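Working notes, beginning with the structure itself.
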There are 2 protein chains.
Amino acid sequence: MKSEHIPKATIARLATYIQVLSEFKREGTDVVSSERLAEACSVNSSQIRKDLAYFGEFGVRGVGYYVQDLITSIKRSLGIDRAWNCGLVGVGNLGRALLRHREFSRKGFNIRGAFDCDPYKIGEIVEGMEIVCSRQLPAKVKELSLEIGIITTPPERAQRAANYLVGAGIKGIINFAPSRISVPSHIHLEYVDFFHHFYAAAFHIRFAEHQE
Amino acid sequence: MKSEHIPKATIARLATYIQVLSEFKREGTDVVSSERLAEACSVNSSQIRKDLAYFGEFGVRGVGYYVQDLITSIKRSLGIDRAWNCGLVGVGNLGRALLRHREFSRKGFNIRGAFDCDPYKIGEIVEGMEIVCSRQLPAKVKELSLEIGIITTPPERAQRAANYLVGAGIKGIINFAPSRISVPSHIHLEYVDFFHHFYAAAFHIRFAEHQE
DNA sequence: GAAGTTTTGTTAAAAAATTCACATTCACAA
DNA sequence: TTGTGAATGTGAATTTTTTAACAAAACTTC
Ligand SMILES: NC(=O)c1ccc[n+]([C@@H]2O[C@H](COP(=O)([O-])OP(=O)(O)OC[C@H]3O[C@@H](n4cnc5c(N)ncnc54)[C@H](O)[C@@H]3O)[C@@H](O)[C@H]2O)c1
Ligand SMILES: NC(=O)c1ccc[n+]([C@@H]2O[C@H](COP(=O)([O-])OP(=O)(O)OC[C@H]3O[C@@H](n4cnc5c(N)ncnc54)[C@H](O)[C@@H]3O)[C@@H](O)[C@H]2O)c1
């Protein structure tokens with residue numbers, strides 16, 4: 001059914017499918033039905049079939065989905081069947097945690113450049129990578145073919161970091177700082193904010209108490 | 001219009017509104033229209049009015065919203081007008097970054113307990129807090145009145161961590177590990193997975209290239 | 001190789017979320 | 001006090017997303 005516009009929610013679910021399918025694979029399961037996958041992901045089974053239909057036909061009727069094949073197909077659909085070079089701006093607490101996180105490269109996102117403006121941090125080695133001055137961003141983006149910029153600076157510096165990245169020719173930005181930034185429309189921008197999960201928890205716990 | 005069920009998306013947006021309103025406040029803006037707030041949040045203005053209507057009437061017709069009042073009202077609506085005590089299980093890279101993050105307590109989520117099962121880590125002090133053995137969870141949850149559990153263990157340990165937390169009487173869990181876990185239905189469970197933001201970036205960048 | 005079973009892919013129906021449109025309300029000025 | 005302008009709150013219209021239902025396809029068994 002291949003389609004044009006893909007809902008954001010679909011992409012988030014595809015990430016979950018990959019996660020759960022990988023677990024199935026580790027357990028030695030070769031084939032899985034949409035029903036069984038749906039249960040493991042806590043979604044409706046036609047939701048899964050619909051999500052997949054945006055990209056093509058990956059299953060076998062009467063059988064289900066071959067786990068490994070489906071992982072491969074979803075990855076190809078999302079464009080993560082190849083490596084993406086990333087640059088991280090702001091090597092503080094969070095930036096360091098991300099740099100040390102092996103899962104990034106395992107999932108195809110290689111953090112190849114780490115940038116900071118603090119002279120005490122520049123030159124330091126983190127996870128085998130030297131922290132470089134932000135001023136060198138343009139040169140490094142080209143040199144390392146960086147395509148995705150990760151912003152982990154304090155919020156008031158996020159816009160500046162974004163400007164550097166955009167100027168350097170980055171194609172997409174993931175902003176972990178809690179501030180809205182503006183970038184040209186051809187740059188893909190994602191905000192990461194996990195506080196809303198805490199808000200949701202607080203809200204629901206309180207609501208449940210209120211019910212009693 | 002006060003309503004029963006609140007969409008997840010609404011809660012995520014309310015988090016954004018708080019963020020942007022706080023910025024307005026810092027800049028000295030006292031009153032803001034839904035139109036202006038909408039622009040800053042990149043959403044539709046009636047979306048904002050609808051989101052707020054779930055909880056009550058907070059604006060003044062012909063005027064707009066008083067920034068400080070609206071922040072207060074949203075916080076009260078979400079149940080974050082009081083402090084929430086949290087316990088963090090798994091003091092690794094990510095756990096440490098979260099423990100060191102001041103924003104948590106500023107937003108009302110106080111991480112009061114840090115737990116790990118690694119004997120080399122137990123006893124260590126992080127941000128003025130002693131890392132405690134996971135076995136002491138039940139005692140500590142009661143002692144410190146912990147209500148929300150934060151899981152930052154490796155994925156294969158997340159279920160066990162959840163079991164401990166549930167057994168200890170926690171009310172909600174935020175799981176940062178990339179694995180599905182099961183908890184009794186009265187426990188509120190949130191998954192934090194920011195890889196889907198990377199997937200979305202990769203997908204859109206690639207799609208844009210494909211368009212050319 | 002036909003009949004039966006299973007599970008997909010897809011169309012149709014239902015539900016939910018978003019946007020529009022405007023009557024209502026409030027502040028302020030004449 | 002009344003009129004004017006502005007912006008909220010909300011019902012209705014629209015769009016999007018989710019769920020249900022089922023025909024088409026593939027495997028299994030007899
Ligand atoms: N730590 C967390 O757990 C956490 C969680 C959620 C969000 N965040 C957000 O992530 C961001 C980083 O948090 P953190 O705790 O790592 O803060 P941090 O202060 O430890 O690190 C910020 C780093 O950015 C660097 N920096 C500042 N301006 C810069 C610039 N213009 N160019 C390059 N580097 C610059 C600083 O030198 C510092 O190393 C913040 O916006 C924070 O709100 C952090
Ligand atoms: N580091 C990141 O940037 C990042 C980003 C996204 C998600 N995550 C996820 O967060 C989790 C933690 O990541 P990390 O990089 O901090 O890993 P890590 O290995 O540095 O830390 C894991 C910690 O959990 C402890 N632990 C293990 N089993 C435990 C148990 N049963 N009870 C208590 N503590 C236990 C370990 O001793 C260790 O200190 C992982 O699941 C990871 O996939 C990490």
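Atoms considered below: every heavy atom in the structure, side chains included; atoms not considered: hydrogens, waters and symmetry mates. Protein chains get the first letters and strands the later ones, always in sequence-line order, with residue 1 at the start of each. Keep in mind that this is a model prediction, so the values were computed, not measured.
- When side chains are defined from C-beta on, I174(A) counts as touching V192(A), because their heavy atoms get closer than 4.5 Å.
- When the P atom of dA26(D) is taken as reference, atom OH of Y65(A) falls 14 Å away, rounded to whole Å.
- With respect to R96(B) and D116(B), no salt bridge is recorded, no charged nitrogen being found less than 4.0 Å from a carboxylate O.
- Between L52(B) atom CG and dA7(D) atom C1' there is a gap of 13 Å when expressed in whole angstrom units.
- Less than 4.0 Å separates DNA chain C from at least one heavy atom of each of the following residues of residues 11-32 of chain B: R13(B).
- Side-chain N/O atoms of Y66(B) include none lying less than 4.0 angstrom from OP1 or OP2 on dT8(D).
- Between the side chains of T10(A) and D51(A), at least one donor-acceptor pair of N or O atoms lies under 3.5 Å.
- A sub-4.0 Å separation between OP1 or OP2 of dT18(C) and a side-chain N or O of Y54(B) is absent.
- More than 12 heavy atoms of other shown residues, nucleotides or ligands fall within 6.0 angstrom of atom CZ in R13(A).
- A salt bridge links E147(B) and R82(B); the closest N-O separation between the charged side-chain nitrogens and carboxylate oxygens is under 4.0 Å.
- Nearest nucleotide to the side chain of S33(B), out of dT18(D), dT8(D), dA17(C): dT8(D).
- Ring pair F194(B)/F104(A) is parallel by interplanar angle, where below 30° counts as parallel and above 60° as perpendicular.
- Taking atom CD on E35(B) and atom P on dA21(C), their separation rounds to 13 Å, with Å as the unit.
- Looking at every heavy atom in both residues, D193(A) comes nearest to A15(B) through OD2-CB, 4.0 Å.
- The distance between atom CZ of R61(B) and atom P of dC28(C), rounded to the nearest whole Å, is 17 Å.
- Looking at K50(B), its side chain has no donor and acceptor atom pair within 3.5 Å of the base of dT10(D).
- Residue-level contact check: S34(B) touches the backbone only, with heavy atoms under 4.0 Å from sugar-phosphate atoms and none from bases.
- You'll find that the side chain of N44(B) is closest to dC20(C), out of dC20(C), dT19(D), dT18(C).
- Going from atom CD of Q47(B) over to atom C1' of dT16(D) covers 12 Å, rounded to whole Å.
- In this structure, V60(A) and K8(A) both approach DNA chain D, and ranking their closest nucleotides by distance from the 5' end singles out K8(A).
- Regarding H5(B), its NE2 atom lies at a distance of 11 Å from the C1' atom of dA17(C), rounded to whole Å.
- Using a 30° and 60° split on the angle between ring planes, F198(B) and F109(A) fall in the perpendicular class, above 60°.
- Taking atom CD of residue E57(B) and atom C1' of nucleotide dA7(D), one finds them 13 Å apart after rounding to whole Å.
- Overall bending of the helix from dG1(C)-dC30(D) to dA30(C)-dT1(D), expressed as the angle between end axes built from five pairs apiece, is 10° (10° steps).
- Between F58(B) and L52(B) the shortest heavy-atom distance is CE1-O, 3.7 Å.
- Nucleotide dT10(D) holds its P atom 11 Å from the CZ atom of F58(B), rounded to whole Å.
- In terms of phosphate contacts, S46(A) brings no side-chain nitrogen or oxygen within less than 4.0 Å of OP1 or OP2 of dT19(D).
- Between the side chain of R49(B) and the base of dT8(D), no donor-acceptor pair under 3.5 Å is found.
- Between F55(A) and F203(B), the ring planes are perpendicular. Angles over 60° get that label, and only those under 30° would be called parallel.
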